[in-house]
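Let me begin by presenting the structure, written as structure tokens, before commenting on it.
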Amino acid sequence: MRLLPLRTICSSRTYAFTPEVQLTPTAKDRPPPANSNFYITLLNQCAAEKSLTQTRRVQLHMKQTGFPHLSLGNKLISAYLSSGSVDDARNVFDDMPQPHVVSWSSMISSYIRQERSQEAVALYKSMIIENLVPDEFTFSSIFRAFSDLRLFNGGRTAHGQSVVVGLQAGNVYVSSSLVDFYAQFGRLGEARIVYDSVKAKDVVLSTALIVGYTKNGEDRQAIEVFGEMLNSYIQANDFTFASVLIACGNLKDLTSGILIHGAILKSGFGSWIAPQTSLLSMYSKCGLIEDSLKVFNGILNPNTVAWTAIIGCLLHSHREEEALSMFRSMILNSVAPNAFTLSTTLSVCASLALFEQGMLIHAYALKSGLAANRFVISALVDTYGKCGHVGMARMVFDSLSAPDLVSLNSLINGYGQSGNGEEVVRLFDMTKRLGIEPNDATYVNVLFACSNSGMLEEGRRVFSLMFTDHSLGPSNDHYACMVGLLGRSGRLEEAEELLSKVQKPDKVLWRTLLGACKIHGKLEMAKWAARKVLELDPGDEGTYILLSNIYASLGKWKEVINIKCLVREMGFKKDPAVSWIYVNKKIHTFMAGDQSHPDGELIYKELEELIEKTKGLGYVPDTSFVLQQMEEFEMERSLFYHSEKLAVAFGVLSSRGKTCNTITIFKNLRVCGDCHNWIKLVSKVIGKEIIARDAKRFHKYRDGLCSCGDYW
DNA sequence: CTAGGGTTAG
């Protein structure tokens, strides 16, 4: 067999500096002498250039010239590992009678870098069996493998071994990763002991402990360690600043946050991406989204993490539209979204119930291979559910080989929102078989669904399971669901009795009772519940509104006016009702009596016609939903211009002549009773399905009926 | 060896 020309192995640029190889163009086809220095030089170059092909060629060359290549096995391994092929390295490794400890440890850390912790641990164990003494490099990487595999005992044993060989307390590398290991298991006591055992602490060790504390909700401790660190004159680095700011954000400790911002600028880390990203997150958690944006705008080349962070900040500040346009800018700036980005952006879509956008991201996830990520999946389930497409949510959910708690909760919520209480209960009864332990959120979702669908007996059964099956003490939220369920089923006395068992009822609970009183016109109990809410929060405007609604529905206009005056005096700004609809890739927003839409005239004309047609089908404006005392005619007018009616009119207008059979509108508050009746009739008039998502759930109107069965 | 961003429920 012809030998490979050496020129291809050794680039001309490098061999000029390695005269001992003596490669001359005339010598290129002659086999070289079996000189280990020659191969060492070559392998060093291969490692430096990280070239897998070159390394393979060198090994082949060794075999062809009969050179005992295993004598340079450690070199070969190192070259293969530098060029990224653990498997090639492993082949050499397995052939060697006695690989060097350095080879063992670099094999182990390479496996870990490639997320092959299983193989790393296996190698570590053989090392121990063969009575080899692992070095500091082995120890500093192996703990990561144990925490990846959730093998606490394995890691603890390795900790013991590191102590035995005298490598723990004296070595910051080993100790830092040990601190991280213990923190991954929530064992902060042990982490702290390891940390304290090190005499010569450094930045990395301290940072590891800070991170450990923040990941386990011990944010105060994290800030304390940061202080200790500064007192010992250890300079914080970009990692440290990035980590300690998380603690400030979690605690909403703006004072510390601003101090640290100053320290970052002073120590020259002001333009480093990790501290900047953490800073902007911190500001948003402290409610200062403008400052987040300022920091973000100061980042020269935001990477995926920074973009994701700012999208998340905008989402949490309820600036969803801006969050979406940030996502678009990210794409325009050719920064590739990852699973974090997609799940965050999907959350934005879920929040605005943007079905099409959600599907686009779903498509992107499938193309880019991110659709298997469980965060992406549960965000998709959530988004589809909140868009009223629970079938799609189910499809995504079923793609999970092992469903997890979050996606299950999202799916349950999806069915609950679209009023399919039976499926919710079926899923709930299946959780055990799926190997999932329900948590408090599961119960909130299930009970809420029962309440939404008026499933009294099922609700009671599920509620009692909280005590017997899971001994999850019900929280106020669970009680609120039950009070709502009992109250809406007309069992107000029972609801009241249940409420009396709650140790510390919160205002949500009392307001739920108040809501139930409203449905059944129970004025006395309503007044009592309202008083309770106001004792807890005198500024709760929702209560005033509910109360005035009750008076209004009973026709007691004097009381209504009194409350309205009171509210006005107190200077509340009621969240205005807003409805919106997605037409031609644009969000069109409407407020009551809104004249601002460019097609305003056409919309009002359409609305008038629809009202006339529905009146033909028996629509009678129900003025008890109007809060002011007005002339009957005016009451009607103000009803007619409710935001959801305008949105429906616009939807009808813009879907005319198009093939789509569904009009979907959204409202930030709950749909009003009069509009609810009216939209039912509209669906009959236009012969199309109308979906309305309000603050609590979906209403699917078809042929004069609504999926909620008028129960909401 | 250490780092920044993520899903449900309220």
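Note on naming: letters A, B, ... go to the chains in the order of the sequence lines (proteins, then strands), and numbering restarts at 1 for each one.
Counting to the nearest Å, the P atom of B:dG6 and the CE atom of A:M330 are 13 Å from each other. Counting to the nearest Å, the P atom of B:dG10 and the CG atom of A:D477 are 7 Å from each other. Rounded to whole angstrom, the span from the CG atom of A:L342 across to the P atom of B:dG5 amounts to 18 Å. For the pair A:Y182 OH and B:dT2 C1', the interatomic distance rounds to 18 Å; values are reported in whole Å.
Between A:S378 and B:dG6 there is no side-chain N or O to OP1 or OP2 distance below 4.0 Å. Put simply, A:R144 has a side-chain N or O that comes within less than 4.0 Å of OP1 or OP2 on B:dT2. Neither OP1 nor OP2 of B:dT8 sits under 4.0 Å from any side-chain N or O of A:N413.
Here A:T304 lies in heavy-atom contact (under 4.0 Å) with a base. Across all strands, A:A274 comes closer than 4.0 Å to base atoms (heavy-atom distances). In this structure, A:N476 reaches neither bases nor backbone, as no heavy-atom distance under 4.0 Å exists between it and the strands shown. Counting any heavy atom pair closer than 4.0 Å across all strands shown, A:K201 reaches no nucleic acid atom. Residue-level contact check: A:A242 touches the backbone only, with heavy atoms under 4.0 Å from sugar-phosphate atoms and none from bases. Among the atoms of the strands shown, base atoms are found under 4.0 Å from some heavy atom of A:A339. The residue A:D238 sits apart from the nucleic acid: no heavy atom pair falls under 4.0 Å. Residue A:I246 is classed as a sugar-phosphate contact, given heavy-atom separations below 4.0 Å to backbone atoms only. Here A:V172 lies in heavy-atom contact (under 4.0 Å) with a base.
Among the nucleotides B:dT8, B:dC1, B:dG5, the one closest to the side chain of A:V204 is B:dC1. Ranking B:dA9, B:dG5, B:dG6 by closeness to the A:V305 side chain, first place goes to B:dG5. Of the candidate nucleotides B:dT2, B:dG6, B:dA9, B:dA9 has the atom lying nearest to any side-chain atom of A:K386. In the set B:dG6, B:dC1, B:dT8, the nucleotide with an atom closest to the side chain of A:V406 is B:dT8. Checking B:dG5, B:dT8, B:dA3 against the side-chain heavy atoms of A:N338 singles out B:dG5 as nearest. Closest approach to the A:A379 side chain among B:dT2, B:dT7, B:dG5 is made by B:dT7 (side chain taken as heavy atoms from C-beta onward). The side chain of A:F340 lies closest to B:dG5 when the candidates are B:dG5, B:dT2, B:dA9. The listed nucleotides are B:dC1, B:dA3, B:dT7; the one nearest the side chain of A:K215 is B:dA3. The listed nucleotides are B:dT7, B:dG5, B:dT2; the one nearest the side chain of A:D382 is B:dT7.
The base of B:dG10 is not paired with the side chain of A:D440 by any donor and acceptor separated by under 3.5 Å. Contact annotation: side chain of A:S410 to base of B:dT8, donor-acceptor pair absent below 3.5 Å. Taking only distance into account, the side chain of A:S140 never meets the base of B:dC1 through a donor-acceptor pair shorter than 3.5 Å. Residue-to-nucleotide contacts include a donor-acceptor pair under 3.5 Å from the side chain of A:N373 to the base of B:dG6.
Classification of A:R192 and A:E228 as a salt-bridged pair holds, one side-chain N sitting under 4.0 Å from a carboxylate O. Between A:R394 and A:E423 there is a salt bridge, since a side-chain N of the basic residue sits under 4.0 Å from a carboxylate O of the acidic one.
In this structure, a donor-acceptor pair under 3.5 Å is present between the side chains of A:T207 and A:T240.
You can call A:Y173 stacked on the base of B:dC1; the centres are under 5.5 Å apart and the planes sit within 30°.
Each of A:S347, A:S410, A:C349 was evaluated against A:T383; a single residue qualifies, A:C349, per the side-chain contact (heavy atoms from CB on, under 4.5 Å) test. A side-chain contact (heavy atoms from CB on, under 4.5 Å) with A:T341 is found for one member of A:Y364, A:W307, A:F327 and no other, namely A:F327. Of the options A:D238, A:L265, A:N237, A:V244, a side-chain contact (heavy atoms from CB on, under 4.5 Å) to A:P275 is made by A:D238 and by none of the others.
Ring geometry, A:F463 versus A:F467: the interplanar angle exceeds 60°, so the pair is classed perpendicular (tilted spans 30 to 60°).
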